[in-house]
Amino acid sequence: MKRQHIMAGSAIALVLAFVVAMFGYSSLQERRLVELAAKPDSVLVRPHSPTYVRPR
Amino acid sequence: MRPMAWTLLLLAWLASFAGTLGSLFFSEVMQLQPCLLCWYQRIAMFPLVLVLGIGLYRQDSGSVLYGLALAAVGWAVAGYHLLLYSGWIPEDLQPCSKGLSCADVDLRLVGFLTIPLMSLLAFSMIVGLLMAAHRQGVRA
């Protein structure tokens, strides 16, 4: 295999890994926020405010 | 350029490329703002991708020395940053008194891997690989 091909292939692999990590991190953050918002006793809910969740 | 020297240069280039992408990941994806010392290390790391990349493509052994000079500067700054981070250097001496602190712990991977430690490891790897590539080039 030519040296330039090895170089180009490894560069493409690194950039692809970066893109995959970027999307993976974004979806992980989104899932965390959804889980936090779904918690009835989360910091986003004040006890005196009306909520859709039945109080314990 | 000898095959062994080229392979060592390729590994150094890949390490600098991975370091650059990792640094961009922390700042652009994870939204961690780089401190002043982090910027100095970026100034040494980012051009390495171009300098070593062009040297690899053209099989120019001269790029090893240019890259080595940049990597040595980055290694020194990363070492200083790690000493500051670990508390070995008093905070009064740090150049980051205004704005972001250089000694704040923002991230700790696998329990101990902080950003200055990762930077020092990356620069150490690049310096070691480039020194080995330089020796191979001298022997040729």
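Throughout, a chain's letter reflects where its sequence line sits, starting with A, and its residues are numbered from 1.
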Donor-acceptor contact below 3.5 Å, side chain A/Ser10 vs main chain A/Ile6: yes
Interface residues of residues 8-21 of chain B facing chain A - non-hydrogen atoms under 4.5 Å apart: B/Leu10, B/Trp13, B/Leu14, B/Phe17, B/Ala18, B/Leu21
B/Leu120/B/Tyr85 under side chain to side chain contact (heavy atoms under 4.5 Å, CB included): CA gap, chis, key distance, verdict: CA-CA 12 Å; B/Leu120 185 66; B/Tyr85 209 73; over 6 Å; no
Atom of B/Cys35, atom of B/Cys38 and distance for their closest heavy-atom approach: SG-SG, 2.8 Å
Side chain, backbone, both or neither of A/Ala8 within contact of chain B (heavy atoms, under 4.5 Å): neither
Heavy-atom contacts under 4.5 Å, residues 53-74 of chain B to chain A: B/Gly53, B/Leu56, B/Tyr57, B/Gln59
Residue B/Gln31 excluded, over 12 heavy atoms near CD under 6.0 Å: yes
Joint cluster assignment, A/Val15 & B/Leu50, ILVMFWY side-chain distance < 4.5 Å: no
A/Ala17 versus chain B, the contacting section by heavy-atom distance below 4.5 Å: neither
Residue B/Met125 excluded, over 12 heavy atoms near CE under 6.0 Å: no
Residue pair B/Met45 / B/Ile126, side-chain heavy-atom distance below 4.5 Å: yes
Atom CE of A/Met22: over 12 foreign heavy atoms under 6.0 Å: yes
Heavy-atom neighbours of B/Met118 CE exceed 12 at 6.0 Å: yes
Considering all heavy atoms, the nearest B/Phe123-B/Gln41 contact: CZ-O, 3.5 Å
